[in-house]
Amino acid sequence: MASPNTNQEKAGVVGRILVMPKVLKEKVLGICKLTKEIAQDDPRKVIHSLKVGLAISLVSLFYYYQPLYENFGLSAMWAVMTVVVVFEYTVGATLGKGLNRTIATLAAGALGVGAHYLASLSGATGEPILIGAFVFVQAAIASFIRFFPKVKARYDYGMLIFILTFSLISVSGFREVEVLEMAHKRLSTIFIGGSACVMISIFVCPVWAGEEFHYSIAHKLEILGDFMEAFVHEYFDQPEEGESEDSKGDSKDKSFLEGYKKVLNSKSLDDSLANFAKWEPGHGKFRFRHPWDLYLKIGALSRQCAYRMEALDAHINSDIKGSHEFRSTIQELCSEMSLESSKAFKELGSSIRTMTRPSSSDTHVANAKAAVKSLKSLLQSSSRKQTDLLSLIPAATVASLLIDILEITEKIADSVNDLATLANFEVVDTDKSPKVPSQSSHCECDESVPKTDHLQVVILIEESALAVSDSEKSNVV
């Protein structure tokens, strides 16, 4: 007779078997849903997958087509392997890997053939010893060079291929007779595979790393501007009757308040995009030696702002708000600082996005700095009047963080102005001539009307001054 435990185990196994089709169905549906979301979010990823398939299909002809196979033999598989390893999402990444692989293969192949020739001069006994010594020395030196920061950033893949190719050619050359032919075939197939990757990556729906980096920096500044605008409404505009009335608007503010998290974790992406962008040729408005280092500087300053915003977000969700009276006292100046900083961020982000010189960002920064001076004097006077200084700390901390953000905003504005100068951003005429009558339709009229108005105003002032002086004279008489 079966025990109750065995019956329960059998029932559990049967239940899991019956549930498996439902679980499998849910997983398949989840994968399909994720695939659809990725494709809709960025259709270029679908195009990139098709480009990789096209490149591998074209390179495989060297293996399938008999005349080509007779020339390259089994080495034709190196072209396929090169496409699989080298083809990346952006043009810069593909060019970087392709050039690294080609140059490293050429250098390692030449040194490998030279090492094989020198080792063969020592005779049958000394040849394997010298080859082993050459492999050890080059592998040790190349591996140590990989620790150099600049080499690690741009040439790490090339150093790996150098070690691999030198070792393969020098070691396999000990058994192969035609070392030069083997090195030539391997280099030719790698060059063919790399060329196919580069050509398809550039001429078929290219994705430029420089453009991705450019627009990502602009988007970061716009995110920071949205946060500063949402912070004012979330921290200061709190209704006394209850928060349920503003629940509809809070969802939008909440999404803006969480945007800074994307900026915090963007360092690795910025570094990789800047590295890939330096490999790319000039395209569009981005010339070959575009000042990508300034983009890195702006990104670093944006992350510093995001760290302050993380602290501000903690104060929003904190239960300790401090003195309500003191918070209402500094509300106007802090709101002005935040809104002016928000406008400056959005103006700078739009300037980078459209590659035009910023027009009003300096004005917004100047307005915010004027509010800072007033706020500092207000804080000093309030600290003297207040006896309970602990109640001032939460709101004073928020004000201090806003001042820090403004200082970084000014540095970002200076960096964007430097970028606009070095990258030759376009100058947009922002004089909209608000006093021009609507009847004027020509540009010449638009330019002449403000000047005549200004002269008329001056003449009126002078006439009034003369009239006053005449009346004074008559009174004296």
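All of these numbers come straight from a predicted model, not from anything done at the bench.
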- Task: Taking salt bridge (charged side-chain N to carboxylate O under 4.0 Å, His left out) as the test, write out the residues that go with Lys369, two or more places apart.
- Result: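 Only Glu410 meet the salt bridge (charged side-chain N to carboxylate O under 4.0 Å, His left out) criterion with Lys369.
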- Message: Show, in sequence, the C-alpha distance, side-chain angles and deciding distance for Lys152 and Met159, and conclude whether the side chain to side chain contact (heavy atoms under 4.5 Å, CB included) test is met.
- Response: CA-CA 9 Å; Lys152 187 74 175 177; Met159 298 304 297; over 6 Å; no
- Task: Could you name each residue pair satisfying ring pair (Phe, Tyr, Trp, His ring centres under 6.0 Å) that touches residues 21-41, not counting sequence neighbours?
- Result: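 As it turns out, there is no ring pair (Phe, Tyr, Trp, His ring centres under 6.0 Å) pair with a partner in residues 21-41 once direct neighbours are skipped.
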- Selection residues 257-278 - residue pairs positive for ring pair (Phe, Tyr, Trp, His ring centres under 6.0 Å), sequence neighbours left out: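 Qualifying pairs: Phe227-Tyr260.
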Please report the interatomic distance [atom1]([X]) to [atom2]([Y]), rounded to the nearest 0.5 Å.
X      : Y      : atom1 : atom2 : result
Arg44  : Lys51  : CZ    : NZ    : 10.0 Å
Thr105 : Arg186 : OG1   : CZ    : 9.5 Å
Ile412 : Glu407 : CD1   : CD    : 12.5 Å
Arg353 : Lys346 : CZ    : NZ    : 13.0 Å

- Compare all side-chain heavy atoms of Val263 with those of Met309 and state whether any distance is below 4.5 angstrom.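 Side-chain contact under 4.5 Å: no.
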- Query: Looking at side-chain heavy atoms only, is the closest gap between Lys297 and Lys411 below 4.5 Å?
  - Reply: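 When only atoms from C-beta onward are counted, Lys411 and Lys297 do not touch, as no gap falls below 4.5 Å.
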- Only one of Val427, Leu419, Val416 clears side-chain contact (heavy atoms from CB on, under 4.5 Å) with Arg357; which?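 Result for side-chain contact (heavy atoms from CB on, under 4.5 Å) with Arg357: Val427.
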- Under 3.5 Å donor-acceptor, Ser338 side chain and Cys334 backbone: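 Between the backbone of Cys334 and the side chain of Ser338 there is a qualifying donor-acceptor contact (under 3.5 Å).
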- Which atom of Glu222 lies closest to which atom of Ser350, heavy atoms considered: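 Glu222 and Ser350 have their closest heavy atoms at OE2-N, 4.1 Å.
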- Item | Test of ring centre spacing under 6.0 Å for His48 and Phe87 |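 Ring centres of Phe87 and His48 closer than 6.0 Å.
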- Query: Parallel, tilted or perpendicular for Trp292 and Tyr295, by the 30°/60° rule?
  - Reply: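 Rings of Trp292 and Tyr295: tilted, as their planes differ by 30° to 60°.
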